[in-house]
There are 2 protein chains.
Amino acid sequence: MLSQKTRYAMVALTRLAREYGKGAMLISELAKSEKLPQRFLENILLELKKMGILGSKLGKSGGYFLLRHPKDVNLAEIVRQFEGPIALLSCVSEKAYQSCEFCKDESACNIRKVFKEIRDSTFEKLENTTLAVLIQ
Amino acid sequence: MLSQKTRYAMVALTRLAREYGKGAMLISELAKSEKLPQRFLENILLELKKMGILGSKLGKSGGYFLLRHPKDVNLAEIVRQFEGPIALLSCVSEKAYQSCEFCKDESACNIRKVFKEIRDSTFEKLENTTLAVLIQ
DNA sequence: ACTATGTTCACCATTTTAGTGTACATTTGT
DNA sequence: ACAAATGTACACTAAAATGGTGAACATAGT
């Protein structure tokens, strides 16, 4: 199951995608209207800013806003950032590959084959799901 | 990513599937030959026994053995037992459904739609992967 | 009776999760 | 220039999950 952090990130991003082009939104407003714990949300938004997905403005009438177009942000990168590898086994991970400690020949391993298929289809679905898709 | 426990369970079961019909196998032998930590493996085998997948024999020439035919044990039930729900969000889980705290109308939620598709395709692949498939 | 095995159940160290506390830096309105 | 409203930084914490281990016990075969 996805962590709260990942779920909060998706909810916050979806909302900021709806506000895309309308200027900055207060953390407090975002937290309140989407029912997210504000202090925890701050950490998440900061992380998304460091990823280059969000921008921020300080001071009065400050807040956060989506930097990229909603169609240029997909769920695969969000899940990877907050959840870690998309693969269920590291021997089928693209970004965090580690050789299997059990099997001698990975290409012959049927366990690996199944989990590779699962990773690929999961990744494809996440990658094709942009914020633009989510706010349709 | 799957926990060690789940991975160990899959490795142990695959091996016991290969030995299906050949009588009981010692925990110590299973642990050594598959490079699994024996004491931890004991817990896992016991859990698999309580699920009705494995049987055991006490005393000399005792050990564990697969009770069901390898084609009647699939990865979906193993993953569920050791990992919890297959779904990434509880609002798309079959066995552990919980309504979403964020959206008012789940049928209209696009986040839910994606994760429902991911759950369904993951589940299908896991369910179709029996121990018989793994030892082919 | 003895020995080899599995069984039970409690315990433990480490890591991860889901936050909170406190102080600080920057911008804007007056 | 100053105050107020905002985000920033970084350390800290409580609770749960993970990956085991310890010690005593129960049972079957010889």
Side-chain angles (χ1 to χ4, degrees), chain A residues 1-12 16 23-32 34-67 79-85 88-90 96 101-102, chain B residues 1-12 16 23-32 34-67 79-85 88-90 96 101-102:
Chain A
M1 305 267 286
L2 298 183
S3 64
Q4 293 283 70
K5 203 172 183 182
T6 308
R7 296 171 59 213
Y8 293 163
M10 292 192 299
V11 171
L16 290 173
M25 183 174 194
L26 289 179
I27 297 182
S28 55
E29 194 189 336
L30 182 54
K32 195 172 180 190
E34 300 295 329
K35 296 178 217 154
L36 303 169
Q38 174 163 346
R39 292 298 320 278
F40 194 25
L41 179 60
E42 287 173 20
N43 301 336
I44 295 170
L45 295 177
L46 211 47
E47 211 168 330
L48 288 166
K49 180 184 176 180
K50 285 175 183 159
M51 291 171 70
I53 293 179
L54 298 182
S56 66
K57 260 185 72 181
L58 282 178
K60 230 166 203 168
S61 78
Y64 276 97
F65 50 92
L66 195 60
L67 271 182
V79 169
R80 269 216 186 99
Q81 174 73 24
F82 291 96
E83 204 70 17
L88 292 175
L89 296 175
S90 40
E101 68 205 275
F102 296 119
Chain B
M1 305 268 286
L2 298 184
S3 65
Q4 294 284 69
K5 203 173 183 182
T6 308
R7 296 171 59 214
Y8 292 163
M10 291 193 299
V11 171
L16 290 173
M25 185 175 192
L26 288 179
I27 298 182
S28 56
E29 195 191 333
L30 182 54
K32 195 172 180 191
E34 300 295 329
K35 296 178 217 153
L36 304 168
Q38 174 163 347
R39 292 299 319 279
F40 195 25
L41 180 60
E42 287 173 20
N43 301 336
I44 295 170
L45 295 177
L46 210 49
E47 210 167 330
L48 289 166
K49 179 184 177 180
K50 284 173 184 159
M51 291 170 71
I53 293 179
L54 298 182
S56 66
K57 259 186 71 182
L58 283 179
K60 229 165 203 169
S61 78
Y64 276 97
F65 51 91
L66 194 61
L67 270 182
V79 169
R80 269 216 187 100
Q81 175 72 25
F82 290 97
E83 205 69 18
L88 293 174
L89 296 176
S90 42
E101 67 206 275
F102 296 118

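Below, chains carry the letters A, B, ... as their sequence lines are ordered, and counting in each starts from 1.
- Residue B:Y8 has a polar side-chain atom (N or O) positioned under 4.0 Å from OP1 or OP2 of D:dG20.
- Residue B:L41 contributes atom CG, which lies 12 Å from atom P of C:dT7 at whole-angstrom precision.
- Taking CE of A:M51 as the reference point, atom CD of A:Q81 lies at 4.0 Å (rounded to 0.5 Å).
- Distances shown here put every side-chain N or O of A:S3 at or beyond 4.0 Å from the OP1 or OP2 atom of C:dT16.
- With DNA chain C read from its 5' end, the first of the two nearest nucleotides for B:Y64 and B:K60 is the one closest to B:K60.
- Projected onto DNA chain C by closest heavy-atom contact, A:L58 and A:E83 fall at different nucleotides, the more 5' of which corresponds to A:E83.
- Nucleotide D:dT21 holds its P atom 7 Å from the CZ atom of B:R39, rounded to whole Å.
- Atom-to-atom, NZ of A:K57 to C1' of D:dG7 comes out at 12 Å; the value is rounded to the nearest Å.
- With values rounded to the nearest 0.5 angstrom, A:L16 atom CG is found 8.5 Å from A:L48 atom CG.
- As judged by a 4.0 angstrom heavy-atom cut-off over every strand, A:L45 is placed among residues making no nucleic acid contact.
- Computed from coordinates, the B:M1 CE to C:dT15 P distance equals 17 Å when rounded to whole Å.
- Contacts of A:L46 with the nucleic acid, taken as non-hydrogen atoms under 4.0 Å apart, involve only primed sugar atoms and P, OP1 or OP2.
- In this structure, CD1 of A:I27 is placed 14 Å from C1' of C:dT26, rounded to the nearest angstrom.
- As a whole-Å value, the separation of A:Q38 CD from D:dA5 P is 14 Å.
- For A:N43, counting side-chain heavy atoms from C-beta on, the closest listed nucleotide (C:dG19, C:dT28, C:dT5) is C:dG19.
- Nucleotide D:dG7 holds its P atom 14 Å from the CG atom of A:L48, rounded to whole Å.
- A straight line from CG of B:L30 to C1' of C:dA4 spans 17 Å, rounded to a whole angstrom.
- Distances shown here put a side-chain N or O of A:K49 below 4.0 Å from the OP1 or OP2 atom of D:dT8.
- In this model, no donor atom of one side chain and acceptor atom of the other lie less than 3.5 Å apart for B:S28 and B:Q38.
- Within the 4.0 Å cut-off from OP1 or OP2 of C:dA4, not a single side-chain nitrogen or oxygen of B:S61 is found.
- Of the inter-residue distances, the one linking B:L54 atom CG with B:L46 atom CG reads 10.0 Å to the nearest 0.5 angstrom.
- For the atom pair A:S56 OG and A:Y64 OH, the distance stands at 5.0 Å (nearest 0.5 Å).
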